[in-house]
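First up is the structure itself, then whatever we jot down about it.
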Amino acid sequence: MLSYQHSFHAGNRADVLKHACLHLTLRLMRRGQGEIRYVETHAGRGLYDLRSAAAQKNREYETGIAVALAAKGAGPDLAAYLSFVRRFNPTRAPRWYPGSPVIAAGLLAPHDRIDLAELHPQEHAALEDTFGDDPRVRIAKANGFELAAKLRPGAAARTALLIDPSYELKSDYLAVVDLAERVRAADPRAAILVWYPVMADGREGVLLRRAESRLPEAAVLQAVWAAPDPKARGLVGAGLLAVGLPRQHARRLRALSDTISRVFAPPAGAAASGPDD
Ligand code: SAM
């Protein structure tokens, strides 16, 4: 049932979009007053070793974070994320890739809180190792959809929620929108990011159509790096729905996702690299 393992994909182009946008969202939220509660439905292991056998299988990071780190003129918001990644990688070739929980822990303050759900026993154990006894972090071996559906506004906290399933189940495409809608109704101040894959066969269309009707105010941040092809498999891009962010923050995020699209666009005249698995 739980066959997806993010280590095979860590640092790919879709990850760079997700993690750069999360990094910017949390940086902007940190400027406000009061405690932040960061919640993640599908946390993964936190930190990824790009030399692991899994990451080496398809070496997806080579067309992802490695390209971004080498890009010229990244712009300040992408550059800020890349310098965060460099903190884990003092040498030139990236080895350690920080996932979303590690980005949150790196940006949030000692008085903030981090609630993570991860269901896979191996990934859950690795996540516990990543955080040791960081007093801000609580890790549940729980279904992230169920955990987030119970969210209510905290006494002082502003909530940032990342919804990031693997989309192995077709039902995830609609479940993520329903969950975001439910959380927004319970806590209208929550900032919600929903990551989704842009698939060669366009199957993410159901998610986008449901978001248009249920979350019309959501900003759609998308980066696409290969041409769609109804007969092909795999990712040709990735996107995020951003809900509950101030308009100027959503504008900054859109500019960042456009920059990432350009960084991953094939050079003029060159064939696009293939989809990620
Ligand atoms: N958010 C991570 C990051 O960006 O660093 C990557 C997470 S990965 C896309 C999805 C994770 O969800 C996997 O580690 C998988 O084991 C876990 N998972 C799958 N179903 C789950 C569920 N119902 N609840 C919580 N975790 C689940």
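Each ligand, and each atom within it, is numbered from 1 in the order the structure gives. Side chains included, hydrogens not; waters and symmetry mates left out as well; all remaining heavy atoms used. Residue numbers start at 1 and run along the sequence shown.
Checked by distance only, ligand 1 and Asp15 stay at 3.5 Å or farther apart across all their nitrogen or oxygen atoms. Residue Pro101 has no nitrogen or oxygen atom sitting less than 3.5 Å from a nitrogen or oxygen atom of ligand 1, judged on distance alone. Note: an N/O pair closer than 3.5 Å links Lys18 and ligand 1 by distance alone. By the 3.5 Å distance cut-off applied to N or O atoms, Phe145 is not counted among the residues near ligand 1.
Of the candidates Glu123, His120, Glu118, it is Glu118 that places a heavy atom closest to atom 13 (C) of ligand 1. Distances from atom 12 (O) of ligand 1 to the heavy atoms of His42, Arg45, Gln5 show the closest one on His42. For the residues Ser3, Gly99, Ser100, the heavy atom positioned nearest atom 3 (C) of ligand 1 is part of Ser100.
Numbered from 1 in the order shown, with element, the atoms of ligand 1 that lie under 4.0 Å from a heavy atom of Gly144 read 22 (C), 24 (N), 25 (C). With ligand atoms numbered from 1 in the order given, ligand 1 contributes 7 (C), 14 (O) to contacts under 4.0 Å with heavy atoms of Gly44. Of all the atoms in ligand 1, the ones that sit under 4.0 Å from a non-hydrogen atom of Asp164 are 1 (N), 2 (C), 3 (C), 4 (O), 6 (C), 7 (C), 9 (C), 10 (C). Atoms of ligand 1 lying under 4.0 Å from at least one heavy atom of Ala142, given by number and element, are 24 (N), 25 (C). Close approach to Tyr4 involves these atoms of ligand 1, each under 4.0 Å from a residue heavy atom: 8 (S), 9 (C).
Annotation: side chain of Leu151 is in contact with side chain of Leu161 (closest heavy-atom distance under 4.5 Å).
Under the side chain to side chain contact (heavy atoms under 4.5 Å, CB included) test applied with Leu208, the options Leu241, Val198, Val177 reduce to a single match, Leu241.
In terms of protein heavy-atom proximity, atom 19 (C) of ligand 1 is closest to Leu2 CD2, 3.4 Å. Scanning the protein heavy atoms around atom 26 (N) of ligand 1, the nearest turns out to be Leu119 N, 3.3 Å. Nearest to atom 23 (N) of ligand 1 among the protein's heavy atoms is Asn143 OD1, 3.3 Å.
Formation of a donor-acceptor pair under 3.5 Å by the Asn12 side chain with backbone atoms of Asp15 is found in this model. No donor-acceptor pair closer than 3.5 Å links the side chain of Arg13 to the backbone N or O of Val236.
By the 30° and 60° cut-offs, the orientation of the rings of His19 relative to Tyr97 is tilted. Between Tyr48 and His6, the ring planes lie perpendicular to each other; the angle is over 60°, past the 30° to 60° tilted range.
Residues Phe88 and Phe84 bring their aromatic ring centres within 6.0 Å. Taking the six-membered ring for Trp and the full ring otherwise, Tyr61 and His9 have centroids separated by 6.0 Å or more.
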Item to check | Worked check of side chain to side chain donor-acceptor pair (under 3.5 Å) between Gln222 and Tyr196 | outcome: CA-CA 9 Å; Gln222 205 163 278; Tyr196 63 89; 2.4 Å; yes
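Heavy atoms of Ala10 found under 4.0 angstrom from ligand 1: none, in either backbone or side chain. Contact annotation: for His6 versus ligand 1, heavy atoms closer than 4.0 Å belong to the side chain alone. Counting heavy atoms under 4.0 Å from ligand 1, residue Glu40 touches it through the side chain alone.
Enclosure of atom CZ in Arg182 is not indicated, since only 12 or fewer non-hydrogen atoms of other residues, nucleotides or ligands lie within 6.0 angstrom. Within 6.0 Å of the CZ atom in Arg92, the count of heavy atoms belonging to other residues, nucleotides or ligands does not exceed 12.
Using a 4.0 Å cutoff on heavy atoms, His19 counts as a contact of ligand 1. Residue Thr41 places a heavy atom less than 4.0 Å from ligand 1.
By the 4.0 Å N-to-carboxylate-O rule, Asp112 lies too far from Arg30 to be salt-bridged with it.
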